[in-house]
Amino acid sequence: MRRKLIAGNWKMNGSLAANAVLLNGLKDEIRETKSSVAVCVPAPYLAQCQAALAGTAIAWGAQDVSVHESGAYTGEISGAMLADFACTYAIVGHSERRSYHGETSEVVAKKTERAIKSGLTPIVCVGESLEDREAGRTDAVVGEQIDAVLALLGPADLAKIVIAYEPVWAIGTGRTATPQMAQDVHAMLRSRIAARNSAAAENVQILYGGSMKPDNAGELLAMADIDGGLIGGASLKAADFLAIIRAA
Ligand code: PGA
């Protein structure tokens with residue numbers, strides 16, 4: 001039985017003052033949960049999260065990691081730096097990074113590998129555009145994205161990743177994939193992993209992301225291959241994030 005993971009993706013939102021209110025609201029309510037809970041925050045706030053969340057049931061992480069280990073890469077943040085702040089997770093390959101920062105599947109694969117080498121659990125994001133879905137290319141596009149990652153990782157490392165299926169047309173739009181649409185892609189992803197390592201496929205958590213909200217979380221999270229959520233907008237309000245955690 002896979003444990004569910006509810007991870008918040010704050011994106012480029014927050015301030016010291018606003019984060020303190022949000023984190024306090026979460027800490028007070030999340031003591032013992034059936035699910036794992038995490039927040040992935042802008043890098044400048046990792047120290048704040050570490051101070052606020054150490055010793056609680058809430059883990060924290062970053063939203064990206066450099067492909068490089070260290071050195072002359074202005075503006076980049078290394079996996080070792082994230083580990084220094086006791087991050088558990090690093091999101092890699094979010095569609096906003098793929099589209100606004102030109103990250104290819106090869107770069108995403110290298111970031112995944114770098115995160116694992118740094119002792120982090122990468123949350124590898126995949127997902128198709130509306131155009132791809134309407135043209136019947138969902139499996140081809142998502143399959144290419146995951147295969148690039150699987151090709152770079154050894155079979156043992158497949159057990160060290162989390163995958164997030166996030167249809168681009170559902171992110172921040174209020175449009176959500178139906179539970180069955182999401183389930184179909186999740187099952188396809190799991191079978192791709194099973195082809196390389198069947199035990200890892202059984203254990204890997206595959207999250208759904210894209211306008212997951214308190215009112216649709218229950219039915220999505222009830223699907224056999226949906227093991228949690230990567231939550232954007234609704235993770236910025238303690239009441240909404242807590243309601244999704246309860247739905248898991
Ligand atoms: P959303 O974002 O929940 O606001 O749609 C999800 C994500 O981009 O991770």
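Read the numbers this way: they start at 1 and go in the same order the structure lists the ligands and their atoms. All figures in this text were calculated on a predicted structure; none of them were measured in a lab.
Short contacts between ligand 1 and G172, defined as distances under 4.0 Å to a heavy atom of the residue, involve ligand atoms 1 (P), 4 (O), 5 (O). Ligand 1 places these atoms under 4.0 Å from at least one heavy atom of H94: 7 (C), 8 (O), 9 (O).
We find that D225 and R2 are joined by a salt bridge, their nearest charged nitrogen and carboxylate oxygen being less than 4.0 Å apart.
Counting heavy atoms under 4.0 Å from ligand 1, residue A170 touches it through the backbone alone. The proximity of N9 to ligand 1, defined as any non-hydrogen pair under 4.0 Å, is limited to the side chain.
In terms of polar-atom proximity, E96 is not counted as a contact of ligand 1, lacking any N or O under 3.5 Å from an N or O of the ligand. Taking only nitrogen or oxygen atoms, main chain and side chain alike, G232 reaches within less than 3.5 Å of ligand 1.
The side chain to side chain donor-acceptor pair (under 3.5 Å) search around S78 returns none, not counting sequence neighbours.
For atom 4 (O) of ligand 1, the nearest protein heavy atom (residue, atom name, distance) is G233 N, 2.8 Å. Atom 7 (C) of ligand 1 has E166 OE2, 3.1 Å as its closest protein atom, hydrogens excluded (heavy atom only).
The main-chain N or O of A52 is found under 3.5 Å from a side-chain atom of K27 such that the two form a donor-acceptor pair.
Pairs passing the ring-ring contact (aromatic ring centres under 6.0 Å, His included) check and including a residue from residues 66-114, sequence neighbours excluded, read H68-Y73.
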